[in-house]
Amino acid sequence: AQSVTQLDSQVPVFEEAPVELRCNYSSSVSVYLFWYVQYPNQGLQLLLKYLSGSTLVKGINGFEAEFNKSQTSFHLRKPSVHISDTAEYFCAVRGSNYQLIWGAGTKLIIKP
Amino acid sequence: ETGVTQTPRHLVMGMTNKKSLKCEQHLGHNAMYWYKQSAKKPLELMFVYSLEERVENNSVPSRFSPECPNSSHLFLHLHTLQPEDSALYLCASSQDDGVGYTFGSGTRLTVV
């Protein structure tokens with residue numbers, strides 16, 4: 001069965017510092033991976049996705065993620081965060097029934 | 001505007017009321033989803049419709065009743081809800097290959 005683990009429920013980081021949000025998955029089928037962002041009082045928005053090809057995926061708002069098959073990870077990174085990046089970030093993997101399996105989310109807290 | 005529109009954005013209802021949440025998409029997607037998002041809990045998939053047929057119902061109480069009259073519209077009918085049903089209800093759509101969901105902004109439901 002597929003599953004997604006987001007290792008940190010909250011990540012505090014200073015403004016303009018780099019950040020990494022961790023995601024590990026388990027999947028017995030072809031791996032399609034996603035990161036979504038949820039700003040306060042809004043729905044989820046797709047940040048980036050890995051379907052195939054290059055393992056380094058670039059997304060919106062300066063975020064990128066690297067697919068690592070041997071470590072079954074898909075960590076999200078940004079070299080310099082801004083106060084506007086304050087949000088909750090969700091990692092997901094496509095399941096065998098084509099529905100998304102979600103992680104529990106990581107709240108990114110930007111400290112001024 | 002994400003392409004998936006949910007109405008209303010906010011709803012306060014008493015436990016004896018009947019109300020409906022509406023979701024509309026014109027992205028040409030053929031799968032639609034209802035999710036419940038409660039504070040400090042993971043995203044909960046409630047219902048999945050593919051090609052207007054319900055394909056999943058994750059043990060949701062019968063006081064929640066979905067309806068999908070066509071591929072562009074999805075409703076969630078609510079009756080005799082409980083205070084613990086207060087949450088953000090999110091609608092999403094995708095192609096039935098599950099690659100890339102588009103979410104609405106959600107309906108914030110408060111049951112009093």
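The chains referred to below are lettered A, B, ... by the order of the sequence lines, with proteins before strands, and numbering in each begins at 1. When reading the values below, keep in mind they use all heavy atoms of this one structure, side chains included, and skip hydrogens, waters and symmetry mates. The model shown is predicted, which means the values in this text are computed figures rather than measured ones.
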Do the side chains of [X] and [Y] join up, straight or via other hydrophobic residues, at under 4.5 Å, putting them in one cluster?
X	Y	value
A:Val11	A:Ile83	yes
B:Leu90	B:Leu109	no
A:Phe90	A:Trp35	no
A:Val4	B:Val99	no
A:Tyr36	B:Met46	no

Under 4.5 Å from any heavy atom of chain B - which part of A:Gln99
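Both parts, backbone and side chain.
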For A:Gln38, which atoms come within 4.5 Å of any heavy atom of chain B: side chain, backbone, both, or neither?
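The side chain, not the backbone.
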Other residues, nucleotides, ligands: >12 heavy atoms within 6.0 Å of B:Glu67 CD
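Atom CD in B:Glu67 is crowded, with more than 12 foreign heavy atoms closer than 6.0 Å.
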Please check if the number of heavy atoms outside B:Glu84 that lie under 6.0 Å from its CD is greater than 12.
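Yes, because the 6.0 Å sphere around CD of B:Glu84 holds more than 12 heavy atoms from other groups.
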Less than 4.5 Å apart, side chain to side chain, heavy atoms only: is that true for A:Leu100 and B:Leu45?
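Contact flag for A:Leu100/B:Leu45 side chains = no.
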Minimum side-chain heavy-atom gap A:Arg94-B:Asp97 below 4.5 Å:
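In short, these two side chains touch, coming nearer than 4.5 Å.
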Ring centroid separation A:Phe34 to B:Tyr101 under 6.0 Å
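That pair fails the under 6.0 Å test.
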Any chance the rings of A:Trp102 and B:Phe103 have centres within less than 6.0 Å?
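Yes, they do, as the ring centres are separated by less than 6.0 Å.
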How long is the gap from CG on A:Leu44 to OG1 on B:Thr102, to the nearest 0.5 Å?
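The OG1 atom of B:Thr102 is 11.0 Å from CG of A:Leu44, to the nearest 0.5 Å.
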Choice from B:Arg108, B:Gln6, B:Gln37 maximising heavy atom contacts with chain A below 4.5 Å:
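Greatest number of close heavy-atom pairs with chain A: B:Gln37.
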Between B:Val48 and chain A, with a heavy-atom cut-off of 4.5 Å, which part of the residue counts as in contact: side chain, backbone, both or neither?
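Answer is side chain: those atoms of B:Val48 sit under 4.5 Å from chain A.
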